[in-house]
Amino acid sequence: MNRFELARATSVAAALDLAAEKPGSVFKAGGIDLLDHLKEHLIEPPRLVDLKTIPELRGIGFQPDGSLAIGPLATLAQLAAHPDVRRTHAALARACGEAASPQIRNVATIGGNLLQRPRCWYYRLASYRCLKKGGDTCFAIGGENRYHTLFADGSCNAPHPSNAAMGLTALGASLVLQGGRGTRTVPADRFFTIPDNDPRRENAREPDEILIGISVPAAPGVRSTYASVKEKAAFDWPLVSTAVALRVEGGRVREARIVLGAVAPVPLRSVAAEQALLGSDFDDATIEAVATAAVASAQPLAQNGYKVELLKTLLRRTLRSLAGGDA
Ligand SMILES: Cc1cc2nc3c(=O)[nH]c(=O)nc-3n(C[C@H](O)[C@H](O)[C@H](O)COP(=O)(O)OP(=O)(O)OC[C@H]3O[C@@H](n4cnc5c(N)ncnc54)[C@H](O)[C@@H]3O)c2cc1C
């Protein structure tokens with residue numbers, strides 16, 4: 001770890017100034033992913049700007065229109081346990097509750113969870129100069145790739161690591177960013193970016209921007225959930241996951257958002273699976289068609305073909321649980 005200053009900010013404006021003062025500074029929330037990066041010498045910033053001391057970035061609340069307003073410092077544990085979030089935005093509460101371990105969920109913030117970097121071991125080891133570090137090779141393609149993507153664009157094959165990103169994408173959330181050039185709002189399904197555009201980044205945040213808020217639309221009448229399969233049930237990143245949000249009227253699916261996780265560099269909306277589900281009453285043939293459609297364009301690597309069947313099974317189970325209206 002390099003020597004660095006720790007600067008505690010008490011407002012967003014002060015945090016932006018503190019970061020601008022020392023080029024190369026980085027923002028710190030819970031510090032879980034950040035400290036891993038420091039320890040591995042993946043980053044060597046001169047200053048950490050601590051966001052945890054900024055009261056305006058805290059809180060979980062509902063707006064008069066029923067939308068959910070989340071401060072980026074809300075912890076995964078707070079979101080998972082929040083009774084109203086569990087009732088109205090179950091996909092988000094469950095995604096947060098299934099991440100990592102209880103100890104980590106108590107410290108990890110939703111902002112840091114969304115902005116954590118991928119877990120690919122080639123990226124995490126300083127000795128591999130992969131695409132994410134400005135190199136010209138994805139070592140996973142010919143290497144150890146059992147945890148990598150099924151759907152990629154031929155460049156970086158590291159899956160997106162964030163559980164919270166799954167729930168937010170299924171629920172149509174937006175992220176609010178503030179930087180030197182002002183404030184902007186980006187929908188979750190455009191915030192996470194594919195490596196084709198630039199393999200060194202996973203999202204649209206500029207280095208000088210702070211994630212200052214998350215807005216999730218009201219979801220009256222929406223059934224949503226999140227589910228995953230992990231190697232170690234107690235704590236782990238998922239092998240495959242899904243977040244699903246459905247509007248069901250008269251027993252038939254009228255609107256559907258189906259997001260596939262741990263299989264692509266972004267939380268991946270499967271339009272083919274959504275189309276297969278629309279209009280159905282959750283009959284077995286349709287559920288099978290949805291599972292098949294979701295993986296139709298999968299391109300497994302040498303060691304991760306098992307993820308195809310795992311994902312299909314997870315989708316079948318998840319849709320059956322939503323059919324019963326118990327989620
Ligand atoms: C054993 C283990 C298992 C795990 N399993 C899972 C899992 O199953 N699912 C999952 O999703 N995650 C998992 N994680 C990852 C963990 O949830 C994340 O590391 C954590 O959520 C990061 O949050 P943080 O608040 O500590 O962020 P930090 O480490 O402080 O920050 C992470 C990154 O985000 C930036 N950042 C943070 N907040 C802001 C902000 N408001 N504005 C701008 N930049 C910001 C930081 O600069 C840094 O680059 C696991 C971690 C461990 C150690």
Side-chain angles (χ1 to χ4, degrees), residues 4 6-7 9 11-12 15-16 18-19 24-40 42-43 45 47-54 56-59 70-80 92 94-119 123-124 132 147 159-169 175-179 183-184 186 191-192 200-214 226-241 243 261-262 267:
F4 56 81
L6 178 66
S11 68
V12 171
L16 291 171
L18 284 165
S25 295
V26 295
F27 300 112
K28 178 191 132 338
I32 294 169
D33 198 34
L34 196 61
L35 287 188
D36 276 354
H37 277 75
L38 292 169
K39 285 189 279 188
E40 292 294 337
L42 291 170
I43 55 170
R47 175 180 280 177
L48 305 190
V49 179
D50 197 353
L51 304 177
K52 286 213 98 168
T53 38
I54 304 181
E56 68 201 87
L57 297 182
R58 299 188 175 279
I70 306 171
L73 294 181
T75 64
L76 300 183
Q78 287 168 340
L79 283 156
L92 178 61
R94 289 188 178 186
C96 292
E98 285 198 24
S101 65
Q103 292 91 335
I104 292 169
R105 292 195 293 274
N106 277 328
V107 176
T109 66
I110 186 168
N113 186 269
L114 297 171
L115 298 169
Q116 65 176 305
R117 305 296 312 273
R119 300 305 305 178
Y123 166 63
R124 293 277 163 168
K132 287 227 161 285
Y147 299 132
H160 201 277
S162 167
N163 277 31
M166 294 288 297
L168 292 179
T169 303
L175 310 183
V176 186
L177 300 156
Q178 187 175 332
T183 302
R184 64 191 178 115
V186 186
F191 181 72
F192 302 104
R200 291 167 304 176
R201 60 196 294 174
E202 295 84 43
N203 56 63
R205 187 185 77 88
E206 296 298 336
D208 71 336
E209 285 181 313
I210 297 178
L211 173 63
I212 59 165
I214 299 157
Y226 167 92
S228 65
V229 181
K230 306 182 204 179
E231 216 164 32
K232 295 186 282 290
F235 72 94
D236 215 349
W237 282 265
L239 296 170
V240 294
S241 67

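Given the structure is predicted, the values throughout are model-derived calculations rather than measurements. Whatever order the structure lists them in is the order used to number ligands and atoms, beginning at 1.
Minimum heavy-atom separation, P45 to V26: CG-CG2, 3.8 Å. Of all the heavy atoms in R47 and F4, the pair that sits closest is N-CB, 4.4 Å. Considering every non-hydrogen atom in both L76 and C96, the closest pair reads O-CB, 3.6 Å. Between K230 and L239, the shortest heavy-atom distance links the atoms C-CD1, 4.1 Å.
The distance criterion of under 3.5 Å between nitrogen or oxygen atoms is not met by S162 with respect to ligand 1. Note: no N/O pair closer than 3.5 Å links I104 and ligand 1 by distance alone. At under 3.5 Å, not a single nitrogen or oxygen of A108, backbone or side chain, sits near a nitrogen or oxygen of ligand 1. By the 3.5 Å distance cut-off applied to N or O atoms, G30 is counted among the residues near ligand 1. Polar contact check, V107 against ligand 1: no nitrogen or oxygen pair lies under 3.5 Å apart. On a distance-only criterion, E98 and ligand 1 share no N/O pair closer than 3.5 Å. The N/O atoms of P72, backbone and side chain alike, include none that comes under 3.5 Å of an N/O atom in ligand 1. Checked against a 3.5 angstrom limit, the closest N/O atoms of L34 and ligand 1 fall inside it. Not a single N or O atom of A99, backbone or side chain, sits closer than 3.5 Å to an N or O atom of ligand 1.
Among K52, K230, Q116, the residue whose heavy atom lies closest to atom 18 (C) of ligand 1 is Q116.
Looking only at protein heavy atoms, the nearest one to atom 9 (N) of ligand 1 is N163 OD1, 2.9 Å. For atom 13 (C) of ligand 1, the closest heavy atom belonging to the protein is W237 NE1, 3.1 Å. The closest protein non-hydrogen atom to atom 28 (P) of ligand 1 is G31 N, 3.5 Å. When only non-hydrogen protein atoms are considered, atom 31 (O) of ligand 1 lies nearest to G112 CA, 3.9 Å. What sits closest to atom 45 (C) of ligand 1 on the protein, heavy atoms only, is L115 CD1, 3.4 Å. Protein heavy atom at the shortest distance from atom 26 (O) of ligand 1 is I32 N, 2.8 Å. Atom 41 (N) of ligand 1 has its closest protein heavy atom at L211 O, 3.1 Å. Of the protein's non-hydrogen atoms, F27 O, 3.0 Å is the one closest to atom 46 (C) of ligand 1.
With R58 contributing its side chain and K52 its backbone, the two residues share a donor-acceptor pair below 3.5 Å. Of the possible donor and acceptor atoms, none in the side chain of E98 sits under 3.5 Å from a partner among the backbone N and O of A95. The backbone N or O of P118 sits less than 3.5 Å from a side-chain atom of R124, completing a donor-acceptor pair. Not one N or O on the side chain of E40 forms a donor-acceptor pair closer than 3.5 Å with the backbone of H37. N113 contributes a side-chain N or O that, together with a main-chain N or O of A164, makes up a donor-acceptor pair within less than 3.5 Å. Judged purely by atom type and a 3.5 angstrom limit, T53 uses its side chain to pair as donor or acceptor with the backbone of A9. Side-chain atoms of N203 come within 3.5 Å of backbone atoms of R205 as a donor-acceptor pair (strictly under, hydrogens ignored). Distance alone, capped at 3.5 Å, is enough to place a donor-acceptor pair between the R105 side chain and the G97 backbone.
Looking at heavy atoms from C-beta onward, Q116 lies in side-chain contact with W237 at the 4.5 angstrom threshold.
Counting heavy atoms under 4.0 Å from ligand 1, residue E209 touches it through the backbone alone. Residue-level proximity to ligand 1 for D236 is carried by the backbone, the only part with a heavy atom below 4.0 angstrom. The proximity of P161 to ligand 1, defined as any non-hydrogen pair under 4.0 Å, is limited to the backbone. Of all the heavy atoms of L51, the ones lying under 4.0 Å from any atom of ligand 1 belong exclusively to the side chain.
Applying the 4.0 Å criterion to heavy atoms of F235 picks out, from ligand 1, the atoms 1 (C). For ligand 1, the atoms lying closer than 4.0 Å to a non-hydrogen atom of A29 are 25 (O), 30 (O), 37 (C), 38 (N). Remark: ligand 1 atoms within the under-4.0 Å shell around heavy atoms of A100 are 3 (C), 4 (C), 5 (N), 6 (C), 7 (C), 8 (O), 50 (C). For ligand 1, the atoms sitting less than 4.0 Å from at least one non-hydrogen atom of N113 are 10 (C), 11 (O), 12 (N), 17 (O), 21 (O), 22 (C), 23 (O), numbered in the order shown with element in parentheses.
Here K28 does not pair with D33 in a salt bridge; the nearest charged N to carboxylate O distance is not below 4.0 Å.
At most 12 heavy atoms of other shown residues, nucleotides or ligands fall within 6.0 angstrom of atom CZ in R200.
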